[in-house]
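Notes to accompany the following structure.
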Amino acid sequence: MDTPAYLDPDNVSDFHRNGFVLVEDLFSEDEVRILIDAVETGARVAKNTRATEDASGRASRLSIWHELGDDIWTAVSTCPRIVNNIRILLGEEVAFFHGKVMFKDAHEGGAWEWHQDYGYWYNQGFVFPRMISAFVALDRCTRENGCLRVLRGSHRLGRLDHVKVGTQTGTDPARITEIEPLFDRINCEMSPGSVLFFDCNLLHSSTPNTSSRHRRSFIICYNALGNPQLGERQTADQYPCPVGPDDAISRYGPPQR
């Protein structure tokens, strides 16, 4: 694999300045094929899938879980190419929070309204915004099939008010209208296997998928181990995220055809 496994100081500077950093082709074509097969045939994805609607009533599906286990999704979530880069970006030990497969089906997949992940997670009791997501592209992400859009540098705004938009929770639309012109809007077009690491306060969204191509992704979310979660319901692990072998994904493939 030609892509460096770990982020360098320039990448880290870009992340802190922009709120995100994109690593192309962090996972190989073979690894992506194995993951796609797990999306289409795997039990964990099937049993945890639900739908949510955007402001226009179009549905997007997602499958979410909060526990590691003994399957391919744990192999990705504990892959050193992910976990060690999250550690580098946060500058401290990290814990697994949750993983989710996002479906934006061809011709049907709805939008995701502008939001910050910490807009949700603050209300789940996390004290500090010391949290990062890793967006793993499983299909090619383009403007036509609703790739992720971000407002570069918007994480420096801090947490904004969030309200109901459709059945989703999004940043107050009136506020977005006022602040969006202040930032560069970046369309994160990605090849399969590329990973976007982004700050939990980065404003991001996506448009509906009106194309003939699916746009599926796996997003893994991590919390700084020292970031407390208030309340009785602890949804993030309270121990360091384990780091598995780098070839763990390949142990689940190749997919049978």
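Computed over heavy atoms, backbone and side chain alike; hydrogens, waters and symmetry mates excluded.
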Donor-acceptor pairs under 3.5 Å, side chain of residues 101-112 to any protein atom, not counting sequence neighbours: which ones?
residue, atom, partner, partner atom, Å
K104, NZ, G110, O, 2.6
K104, NZ, S206, OG, 2.9
K104, NZ, T207, O, 3.0
D105, OD1, R61, NH2, 3.1
D105, OD2, R61, NE, 3.1
D105, OD2, R61, NH2, 3.1
H107, ND1, S211, O, 3.3

- prompt: Under the side chain to side chain contact (heavy atoms under 4.5 Å, CB included) criterion, do L182 and L151 qualify, and how do the steps go?
  reply: CA-CA 9 Å; L182 303 176; L151 297 184; over 6 Å; no

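- Screening residues 123-182 for ring-ring contact (aromatic ring centres under 6.0 Å, His included) gives F97-F126 as the qualifying pairs, with residues at least two apart or on separate chains.
- Between the side chains of S191 and D25, at least one donor-acceptor pair of N or O atoms lies under 3.5 Å.
- Inter-residue side-chain proximity for S217 and V136 is flagged as unmet; no heavy-atom pair is nearer than 4.5 Å.
- The two residues A137 and M190 come nearest to each other via the heavy atoms CB-CE, 3.9 Å.
- With sequence neighbours excluded, the residues satisfying salt bridge (Lys or Arg N to Asp or Glu O under 4.0 Å) with E180 are R185.
- Remark: Q238 engages Q234 in a side-chain hydrogen bond (donor to acceptor under 3.5 Å, both in side chains) (not counting sequence neighbours).
- Remark: side-chain polar atoms of H204 are paired, donor with acceptor, to backbone N or O of L202 under 3.5 angstrom.
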- request: Quick one: do D161 and T171 satisfy side chain to side chain contact (heavy atoms under 4.5 Å, CB included)? Show the steps, please.
  value: CA-CA 6 Å; D161 289 339; T171 307; over 6 Å; no

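- The cluster map of Ile, Leu, Val, Met, Phe, Trp and Tyr, joined by side-chain heavy atoms under 4.5 Å apart, puts V39 and I64 in different clusters.
- When the side chains of ILVMFWY residues are joined at heavy-atom separations under 4.5 Å, either directly or via intervening members, V83 and I132 end up in a single hydrophobic cluster.
- I34 and S250 get closest at one heavy-atom pair: CD1-CA, 3.9 Å.
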task: Please assess L157 against I179 for the test side chain to side chain contact (heavy atoms under 4.5 Å, CB included), listing each intermediate value before the final yes or no.
output: CA-CA 10 Å; L157 290 166; I179 65 175; 3.7 Å; yes

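- Geometric assessment of R44 against the ring of W65 yields a positive cation-pi assignment under the 6.0 Å and 45° thresholds.
- The existence of a salt bridge linking D139 and R216 is confirmed by a sub-4.0 Å separation between a basic side-chain nitrogen and an acidic carboxylate oxygen.
- Counting heavy atoms from C-beta outward, L68 and P242 have side chains that approach closer than 4.5 Å.
- Checked by atom type and distance alone, the side chain of N85 pairs as donor or acceptor with a backbone atom of L7 at under 3.5 Å.
- Contact record, L138 with P192: O-CB, 3.6 Å, taken as the closest heavy-atom pair.
- Remark: of the listed residues R140, E189, E24, E24 is the sole one forming a side chain to side chain donor-acceptor pair (under 3.5 Å) with S194.
- Applying the side-chain contact (heavy atoms from CB on, under 4.5 Å) test to D184 and every residue at least two apart in sequence or in another chain returns R152, I186.
- The closest side-chain heavy-atom distance from N123 to W121 is not below 4.5 Å.
- We find that R33 and D37 are not joined by a salt bridge, their nearest charged nitrogen and carboxylate oxygen being 4.0 Å or further apart.
- Looking only at distances, no side-chain donor or acceptor of E113 sits under 3.5 Å from a matching main-chain atom of T169.
- At least one side-chain heavy atom of I82 sits less than 4.5 Å from a side-chain heavy atom of I220.
- Salt-bridge formation is not detected for the pair R87/E92: no Lys NZ or Arg NE/NH1/NH2 atom is positioned less than 4.0 Å from an Asp or Glu carboxylate oxygen.
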task: Show your reasoning for whether side chain to side chain contact (heavy atoms under 4.5 Å, CB included) applies to N145 and H214.
output: CA-CA 7 Å; N145 69 3; H214 295 316; over 6 Å; no

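- When side chains are defined from C-beta on, L203 does not count as touching H115, because their heavy atoms never get closer than 4.5 Å.
- I88 and F198 are assigned to two separate hydrophobic clusters, defined by single-linkage of ILVMFWY side chains at heavy-atom distances under 4.5 Å.
- Under the rule for a side-chain contact (heavy atoms from CB on, under 4.5 Å), the partners of D14 that lie at least two apart in sequence or sit in another chain are R17, N18.
- Side-chain heavy atoms closer than 4.5 Å link hydrophobic residues (I, L, V, M, F, W, Y) into clusters, and following such links, possibly through other members, connects L160 to F183.
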query: Hey, mind stepping through S13 and D10 against side chain to side chain donor-acceptor pair (under 3.5 Å) and telling me if it holds?
result: CA-CA 5 Å; S13 295; D10 287 340; 5.3 Å; no

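- Distance alone, capped at 3.5 Å, places no donor-acceptor pair between the N227 side chain and the A224 backbone.
- For D199 (side chain) and N201 (main-chain N/O), a donor-acceptor pair under 3.5 Å exists by modelled atom type.
- If you chain together hydrophobic residues whose side chains sit under 4.5 Å apart, F15 and Y222 fall into the same group.
- For T177 (side chain) and P173 (main-chain N/O), a donor-acceptor pair under 3.5 Å exists by modelled atom type.
- Residues F20 and F197 are not in side-chain contact: their nearest non-hydrogen atoms beyond the backbone lie 4.5 Å or more apart.
- Contact check for V127 versus P228: side-chain heavy atoms found under the 4.5 Å cut-off.
- The backbone N or O of V45 sits less than 3.5 Å from a side-chain atom of S63, completing a donor-acceptor pair.
- Across every non-hydrogen atom of C147 and C188, the tightest pair is CB-O, 3.6 Å.
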query: Given E144 and R213, is the salt bridge (charged side-chain N to carboxylate O under 4.0 Å, His left out) satisfied, shown in steps?
result: CA-CA 9 Å; E144 290 73 26; R213 296 179 179 271; over 6 Å; no

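- Under the 4.0 Å criterion applied to side-chain N and carboxylate O atoms, R81 and D246 are assigned as salt-bridge partners.
- More than 12 heavy atoms of other residues, nucleotides or ligands sit less than 6.0 Å from atom CZ of R149.
- D71 contributes a side-chain N or O that, together with a main-chain N or O of T74, makes up a donor-acceptor pair within less than 3.5 Å.
- Contact of the Y118 side chain with the M131 side chain is registered, since non-hydrogen atoms from C-beta on lie closer than 4.5 Å.
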